[in-house]
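None of the values given here were measured: they were computed from a predicted structure. Labels below follow one simple rule: chain letters A, B, ... track the order of the sequence lines, proteins then strands, and each chain is numbered from 1. The analysis underlying the following values was restricted to heavy atoms, covering all of them including side chains, and did not include hydrogens, waters or symmetry mates.
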Number of protein chains: 4
Amino acid sequence: MQCRTSAPRTGRPRSAAADAAILAATREALVELGWSKLTLGDVATRAGVAKTTLYRRWAGKNELVVDAVAELFDELELPDLGSLAADIEGVVLQFAAILARPEARSGLMAAVAESTRDDALRERIRASIVDRQKRLVLAGRSRAQARGELPPEEDAQEAARTVDLIFDMVAGAVVHRTLVSAEPVDAAWAQSFTRILLLGLAGASAGPHGA
Amino acid sequence: MQCRTSAPRTGRPRSAAADAAILAATREALVELGWSKLTLGDVATRAGVAKTTLYRRWAGKNELVVDAVAELFDELELPDLGSLAADIEGVVLQFAAILARPEARSGLMAAVAESTRDDALRERIRASIVDRQKRLVLAGRSRAQARGELPPEEDAQEAARTVDLIFDMVAGAVVHRTLVSAEPVDAAWAQSFTRILLLGLAGASAGPHGA
Amino acid sequence: MQCRTSAPRTGRPRSAAADAAILAATREALVELGWSKLTLGDVATRAGVAKTTLYRRWAGKNELVVDAVAELFDELELPDLGSLAADIEGVVLQFAAILARPEARSGLMAAVAESTRDDALRERIRASIVDRQKRLVLAGRSRAQARGELPPEEDAQEAARTVDLIFDMVAGAVVHRTLVSAEPVDAAWAQSFTRILLLGLAGASAGPHGA
Amino acid sequence: MQCRTSAPRTGRPRSAAADAAILAATREALVELGWSKLTLGDVATRAGVAKTTLYRRWAGKNELVVDAVAELFDELELPDLGSLAADIEGVVLQFAAILARPEARSGLMAAVAESTRDDALRERIRASIVDRQKRLVLAGRSRAQARGELPPEEDAQEAARTVDLIFDMVAGAVVHRTLVSAEPVDAAWAQSFTRILLLGLAGASAGPHGA
DNA sequence: CTATAATCGAGACGGTACGTCTTGTCTTAGG
DNA sequence: CCTAAGACAAGACGTACCGTCTCGATTATAG
């Protein structure tokens, strides 16, 4: 998770248990206090660890929170629900379920806010959170192509652009619904959203530019 | 903007100039420092105002930043571009233009993050930022209905749900594209996005639930 | 009490009641809070007066407190107790009784402390507090001379020096006993002290410089 | 000086140099600003120390100033000047010399004023300043008894009362002369004062109660 | 009988200091 | 070399007072 580029062979090795304890304590603190009131000293205390230990492994609050939240996304999967529409609804609901957890709500948006001024942080978010989700979109497309629901892409660059667009639409809508509108993402919403998205994609690929 | 519910008739009246100076200084500090490094003491100094004056008018950093950012949305308009698609593209580009400004990027997302733990703050954001945008969506629909591009709504409740859904899709996609994917929202992207959205909406209203 | 050098003949005259209310409120605050926690805003509130009214009449906390405490010394008298010793014991006990009051204990010493850096303040203390006491010493001496207990002074300058010395001894001992040693000045202590003082003075005047 | 009751064996030990720097800075600030304008933040800056370091060791301004002033009394000694009178004059002049220093003038009286509302502070003053002086009085008496100038005490309780009385008279007179009357304690004054005191004591012990 | 002028209350103003909290580093002793 | 503990310099926090100011409303004398 954190940078561990070089392997120091001598001296006392770092405690592996400390990592897990710190990340768990971070999530606990996020739930209780939210991002802005979370302090590294408090996290260290909760984890039963010295502040030094924490700072030796993470550069600061942002990096720590991103790693702590990223672990929540480990559980994301793409179960085969039989159709493209069902697959997408499933992903939407899974993503919404994660965003419904307070440790993600508070931490994730704050990290994104911070990343507007910190490219390394944005890269860390992309690597440990965004790309993990985007892989699901790619897997869903492959599966739909295998089912014959989608044609194989012809122009790779155009296909990549489309994936990015879809991803921004899916993730953006779920995040906005959850955090800004503060309304729940339930099955009905997921169905409505997916219907519009798929119909729009189908129409767009049918009559590409002249409609 | 800030609470000015009761009118104390006695005593020295509050300086109107101070309000403007403080909000301008807040935006300046957001550009230079970003949300997390912005301090109220610094804002007060920049505004040539005492800290007490600032605290007398705003409860804290979050409220202040929301008000400072909200003023950026005063410029939002819905110029009549001749078609529903062009109108939507116009709104998307206007919204993206605001989000491209550093004082909005940093401040807005941080405020949303904080609002996950503060209902009053979320309400403030909704009142001074979200609703202002949502009015554009409503105006766009009325105009499209006047043009004959959209049928008049039959079920008011269903129509409200659809407006909310569209709004989450538009705003969410633009925000995600801008802040998370960190890619520019240009005319091409706005056109692609709008195409998918309108085709999806058209298809969904054509064959409502049986398709 | 406070400076009222020039008499502006026109305009609304200053409220006489305000002066008394402010001084009484000051003493009340001294009792409750002590000098260091007394604030002029609080005094104004207690007195039912605006801060402006207070600042128009006194330059600051020190001047106000001195005036408020000085009023306590208005009650000092020199009843004729029949002998020099009894007169001195009476003054000692009267002075100790004033110092036993909390508004005097806290305010007086603080004012003296401040006066080490403020000559105007020291002069104010001398004029409104110290001289009022010193007059008692002078009156006591006159009365003792009338009784024949003391010879009439021959060298006026020497006599003035002696009065100053006696005054420092009397006032100093009472203050030190009360505030530093924190022991009560009761009749027994007053008697012991007076005995030593008078015997010392008698011996000193008997064999002035050659003993 | 400050509380160092429990000994935390772990962690970084407190810097011994900081203590000395803080106390020296406090005295410097007392000289320049006086008690009421002395701020702990300024003292910390002068000492090259963080405010937290200061607050970790002292509870507040009063305690700090008492400790800073107390160090001035370390230099008090009782040189053997050959006679009781000379010894007392020496002590009086030494005490007056300390009180003539601006850091003592302002700080000491203010601390006494504050101690009227704070028993712990009075105890601190007694322990670190008053008792140190009182020991000189006791030493002076022992020496005078060894010389045969004073008889050995018979009633221990009575002797203690007398020491307290003498102490209040000596210290009180010097303080009053210095701070209230604002006149210098020079050799002539010390001699006059000592003469009266010793003659009074001699007379009082000669004819104890019947005079 | 109206000016004129200084007062009054209230409370906002620019400042300064408070005492606490957090940050990220450093210094111990111990594994 | 890592660890827990905790002191350290730095600096922001939000509050409290300071002494000044700006109000509208009184309350006097002077014309």
* Check every strand shown and say whether A:Gly60 touches a base, only sugar-phosphate, or nothing at a heavy-atom separation below 4.0 Å. =>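 Nothing, no heavy atom under 4.0 Å.
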* Asked: What is the nucleic acid contact for C:Thr52, judged by heavy atoms within less than 4.0 Å: base, sugar-phosphate only, or nothing?
  ->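 Base contact.
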Nearest-Å distance, [atom1] ([X]) to [atom2] ([N])?
{"X": "B:Lys61", "N": "E:dT22", "atom1": "NZ", "atom2": "C1'", "value": "13 Å"}
{"X": "B:Arg12", "N": "F:dG19", "atom1": "CZ", "atom2": "P", "value": "17 Å"}
{"X": "B:Tyr55", "N": "E:dG15", "atom1": "OH", "atom2": "C1'", "value": "15 Å"}
{"X": "C:Leu64", "N": "F:dG19", "atom1": "CG", "atom2": "P", "value": "11 Å"}
{"X": "B:Asp19", "N": "E:dA12", "atom1": "CG", "atom2": "C1'", "value": "13 Å"}
{"X": "A:Ile22", "N": "F:dT3", "atom1": "CD1", "atom2": "C1'", "value": "11 Å"}
{"X": "B:Arg14", "N": "E:dG11", "atom1": "CZ", "atom2": "P", "value": "11 Å"}
{"X": "A:Lys37", "N": "F:dG14", "atom1": "NZ", "atom2": "C1'", "value": "12 Å"}

* Scan C:Glu28, C:Glu32, C:Lys61 and name whichever one has a side-chain contact (heavy atoms from CB on, under 4.5 Å) with C:Leu38. =>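 One option only clears the test, and that one is C:Lys61.
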* Structure fact -> side chain to side chain contact (heavy atoms under 4.5 Å, CB included) filter on B:Ala50, not counting sequence neighbours, yields B:Thr52, B:Thr53
* Structure fact -> Between C:Pro13 and A:Arg56, the residue closer to the 5' end of DNA chain F by nearest nucleotide is A:Arg56
* 5' precedence on DNA chain F between D:Gly48 and C:Leu38 (nearest-nucleotide basis) -> D:Gly48
* **Under-3.5 Å donor-acceptor pair between D:Lys51 side chain and F:dG11 base** => no
* Asked: Is A:Arg122 paired with A:Asp118 through a side-chain N to carboxylate O contact shorter than 4.0 Å?
  -> no
* Hey, which sits more toward the 5' end of DNA chain E by its nearest nucleotide, C:Ala18 or B:Ala50? => C:Ala18
* Asked: Between E:dA10, E:dT7, F:dC13, which nucleotide gets closest to the side-chain atoms of B:Thr10?
  ->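 Selected nucleotide (nearest to the side chain): E:dA10.
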* Hey, is the side chain of C:Thr39 poking within less than 4.0 Å of OP1 or OP2 on F:dA16, counting only N and O atoms? ->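 So the side chain of C:Thr39 is outside the cut-off, no N or O lying under 4.0 Å from OP1 or OP2 of F:dA16.
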* Asked: Listed by chain and number, what are the side-chain hydrogen bond (donor to acceptor under 3.5 Å, both in side chains) partners of C:Ser36, not counting sequence neighbours?
  ->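 So C:Ser36 forms a side-chain hydrogen bond (donor to acceptor under 3.5 Å, both in side chains) with D:Glu114.
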* If every non-hydrogen atom of D:Leu40 is compared with every non-hydrogen atom of D:Leu54, which pair is closest and at what distance? ->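 Scanning both residues, the minimum pair turns out to be O-CD1, 3.7 Å.
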